[in-house]
Every structure is written in C-alpha cells, then in structure tokens.
Peer 1: 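Encoded as structure tokens, here's the structure I'll be asking about.
Numbers for residues simply follow the sequence, beginning at 1.
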Amino acid sequence: MARRVRFFDSLRGLSVLSMVGFHLCYDLRYLAGLSLPWFQGTFQDVWRATISWVFLFLAGVMSSYSRNNYRRAAKYGLFALAIFAVTAIAAVDDAISFGIIFCMAACTLVTAILETLRIRPGGLVAGAACVAAFLALLHVPSGYLDLGFTRMTLPQELYATPWLSWLGFPGPGFVSGDYYPVLPYLLMYLAGASAGPSLKDSFAAAVSGTLALGHLNGSEGTRFSSMRPTSRCCWS
C-alpha cells in the first residue's frame with residue numbers, strides 16, 4: 001500500500017523533538033554548567049530510552065519497506081563515521097564511538113543479510129519475542145543478563161579485549177559520548193522489522209474502516225437531506 005502511515009511519521013517527529021530537548025538539557029548541564037537537579041539518574045535514563053528505543057524500533061519498521069537495505073546500511077555507516085570524525089576533532093566532549101547511528105547501520109546490515117538468507121523474523125509474535133530478548137540482554141554492556149527472576153553474570157573475558165566494544169562488550173578504558181552497541185539494540189530493531197508489516201496493515205485497515213464509515217455516514221446524510229423540503233413554501 002503506497003499510502004504512508006501517519007502514526008509512524010508523527011511518532012518519529014515527536015521523538016526528534018524529544019531528542020532536541022534532551023540534548024539541550026544535557027549541554028546546559030554538563031557543558032554550560034547550569035544547575036538542572038532533575039536531569040539525572042532514573043529520569044535521564046528513562047527519557048533517553050524513550051528516544052533511542054523508539055528510533056531503533058521505527059528504523060526496523062522502515063527497513064521492512066526498504067528497496068535496498070545494504071545501501072541504507074552503507075549510508076548510515078558513512079554518517080556514523082562522519083560523526084566520529086567531527087566529535088573526535090572538536091574534542092568538546094568524548095568522541096562518539098559506536099553511537100546510535102552506527103547501531104542503525106549495523107542493525108540494517110544484519111537485517112539485510114537475514115533477508116538475503118530468507119530467515120528474517122516476521123509477525124507480531126516474533127516482534128514481541130525480540131522485545132523480550134532485548135530486555136533480557138539490556139545490561140550486556142554492564143556485564144550481566146537480567147532474566148527477571150535471576151541475574152546472570154557474563155564471562156569477564158568478553159570485556160578484557162578492546163575488539164568487542166562494537167558488539168556490546170566494552171573493553172578496558174573504552175569511552176564514548178554515545179554508546180549503542182549491536183547487543184542488545186539489534187533486538188529492538190528486529191522487533192520493528194518483524195512487527196512493522198503487521199502494524200502497517202492494522203493501521204491501514206483502521207484508516208480504511210474510518211474512511212468507509214465516514215463515506216457511509218456522508219451518504220446517509222445526503223439521502224436524509226434529499227427527503228427534507230427544499231423550501232418552506234412546500235409545506236404551505
């Protein structure tokens with residue numbers, strides 16, 4: 001269906017506005033030194049998550065309609081490289097290594113490979129499973145899995161090398177101004193890629209149903225109006 005789903009566009013727009021607000025608060029507090037006591041801890045983490053998780057989910061949704069995800073991944077990759085270069089040269093804050101644009105590049109590339117192999121997950125159930133797996137692996141960069149009922153510590157050898165930071169195992173001394181490794185965020189991306197077609201069909205059906213109902217009501221109104229007198233003199 002060629003018609004765009006306005007819900008996704010609106011959600012993406014709100015996320016962009018939220019991101020601008022978040023980075024403004026971040027710069028005011030950590031770069032300008034302005035006192036923002038509420039911008040810290042849980043509030044900051046939740047706000048950040050509502051932006052990045054939505055971005056990754058929507059990027060996954062859009063990947064299911066992309067004509068060439070390899071090309072899309074390459075564009076993201078070049079943009080991520082440019083961001084790293086600019087932040088490293090500017091040195092205003094920590095350089096951005098393996099930030100969210102890198103994550104979108106890597107996730108899009110993985111999705112393209114899965115599509116080529118015809119093993120990309122699909123459907124709402126697969127999407128929900130990916131979200132559950134994402135939550136379980138959310139703390140991989142911190143060294144453990146959260147299984148709900150228990151916490152499993154991961155082998156520290158994974159974090160002893162600098163070569164796995166991109167995957168989700170930050171090595172000794174690793175620092176980044178924005179860090180979104182492949183794990184766990186690939187799973188949120190795949191959740192969007194899996195559920196995207198079903199969600200779009202659902203929204204399209206809802207819009208079509210609303211339009212059909214409006215057309216029906218409009219037709220009934222027209223028929224009702226045709227039974228009314230066109231002039232008061234008709235009743236005289």
Side-chain angles (χ1 to χ4, degrees), residues 1-19 22 45-77 79-80 98-141 145-148 167-168 178-212:
M1 185 175 180
R3 184 185 297 123
R4 296 177 65 90
V5 177
R6 297 301 179 189
F7 173 79
F8 293 146
D9 290 336
S10 299
L11 186 58
R12 183 161 41 192
L14 289 174
S15 296
V16 169
L17 292 176
S18 181
M19 178 185 66
F22 180 90
D45 292 340
V46 171
W47 190 1
R48 182 188 294 110
T50 61
I51 300 169
S52 59
W53 296 8
V54 169
F55 268 149
L56 288 169
F57 183 86
L58 287 177
V61 171
M62 295 301 108
S63 74
S64 61
Y65 299 100
S66 176
R67 294 180 179 178
N68 191 328
N69 276 317
Y70 288 106
R71 181 181 302 172
R72 198 162 177 252
K75 290 180 179 178
Y76 281 138
F79 191 24
F98 310 126
I100 193 165
I101 303 301
F102 156 80
C103 184
M104 292 171 69
C107 292
T108 304
L109 178 59
V110 171
T111 300
I113 294 172
L114 294 178
E115 289 173 342
T116 300
L117 298 175
R118 300 185 183 278
I119 56 174
R120 182 178 67 84
L124 294 177
V125 174
C130 287
V131 171
F134 166 76
L135 294 175
L137 272 64
L138 183 59
H139 300 287
V140 163
L145 302 180
D146 187 353
L147 303 180
L167 185 57
D178 187 41
Y179 184 47
Y180 287 89
V182 174
L183 293 177
Y185 296 99
L186 170 63
L187 292 160
M188 180 57 74
Y189 189 100
L190 287 177
S194 300
S198 297
L199 290 175
K200 187 172 183 180
D201 289 343
S202 298
F203 282 118
V207 170
S208 297
T210 301
L211 292 176

Peer 1: Could you grab the distance from atom CG of Leu183 to atom CG of Leu138, nearest 0.5 Å is fine?
Peer 2: 11.5 Å
Peer 1: Given the rule in the side-chain contact (heavy atoms from CB on, under 4.5 Å) test, do Phe55 and Met19 qualify, once you have shown the distances and angles that lead to the verdict?
Peer 2: CA-CA 10 Å; Phe55 268 149; Met19 178 185 66; 3.8 Å; yes
Peer 1: Nearest 0.5 angstrom please: Leu58 CG to Leu11 CG, how far?
Peer 2: 5.0 Å
Peer 1: Output the distance between atom CZ (Arg120) and atom OG (Ser194), rounded to the nearest 0.5 Å.
Peer 2: 6.5 Å
Peer 1: Any side-chain heavy atom of Tyr65 sitting closer than 4.5 Å to one from Pro197?
Peer 2: yes
Peer 1: Rounded to the nearest 0.5 Å, what separation is found between the OG1 atom of Thr50 and the CG atom of Asp45?
Peer 2: 11.0 Å
Peer 1: Minimum heavy-atom separation for Ala126 and Pro121, please, with both atom names.
Peer 2: CB-CB, 4.0 Å
Peer 1: At what distance, to the nearest 0.5 angstrom, does CG of Leu56 lie from SG of Cys107?
Peer 2: 6.0 Å
Peer 1: Using the ring-ring contact (aromatic ring centres under 6.0 Å, His included) definition, which of the options Phe134, Tyr185, Tyr180 pairs with Trp53?
Peer 2: Phe134
Peer 1: Run the side-chain contact (heavy atoms from CB on, under 4.5 Å) test on Phe98 and Val182 for me, step by step, so that the C-alpha distance in whole Å, both residues' side-chain angles and the decisive distance to 0.1 Å come before the verdict.
Peer 2: CA-CA 9 Å; Phe98 310 126; Val182 174; over 6 Å; no
Peer 1: Spell out, as yes or no, whether a donor-acceptor pair under 3.5 Å connects the side chain of Ser63 to the backbone of Gly60.
Peer 2: yes
Peer 1: Give me the atom names and distance for the closest heavy-atom approach of Val140 to Gly168.
Peer 2: CG1-O, 3.5 Å
Peer 1: May I have the step-by-step check of side-chain contact (heavy atoms from CB on, under 4.5 Å) for Val131 and Leu187, ending in yes or no?
Peer 2: CA-CA 7 Å; Val131 171; Leu187 292 160; over 6 Å; no
Peer 1: So which heavy atom on Leu167 is nearest to which on Pro181, and how close?
Peer 2: C-CB, 3.8 Å
Peer 1: Of the non-hydrogen atoms in Ala59 and Met104, which two are nearest, and what is the gap between them?
Peer 2: CB-CE, 3.7 Å
Peer 1: Grab the two heavy atoms, one from Ala195 and one from Leu124, that are nearest each other, plus how far apart they are.
Peer 2: CB-CD2, 3.8 Å
Peer 1: List the steps, then state whether side chain to side chain donor-acceptor pair (under 3.5 Å) holds for Thr116 with Tyr70.
Peer 2: CA-CA 10 Å; Thr116 300; Tyr70 288 106; 2.7 Å; yes
Peer 1: Taking all non-hydrogen atoms of both residues, which atom of Ser18 and which atom of Ile51 are closest, and how far apart?
Peer 2: OG-CG1, 3.4 Å
Peer 1: Looking only at atom types and distance, does a side-chain atom of Asp178 sit under 3.5 Å from a main-chain N or O of Ile100, one as donor and one as acceptor?
Peer 2: yes
Peer 1: Is there side-chain contact between Pro141 and Pro184, with at least one heavy-atom pair below 4.5 Å?
Peer 2: yes
Peer 1: Any chance you could measure Leu190, atom CG, to Met188, atom CE, to the nearest 0.5 Å?
Peer 2: 11.0 Å
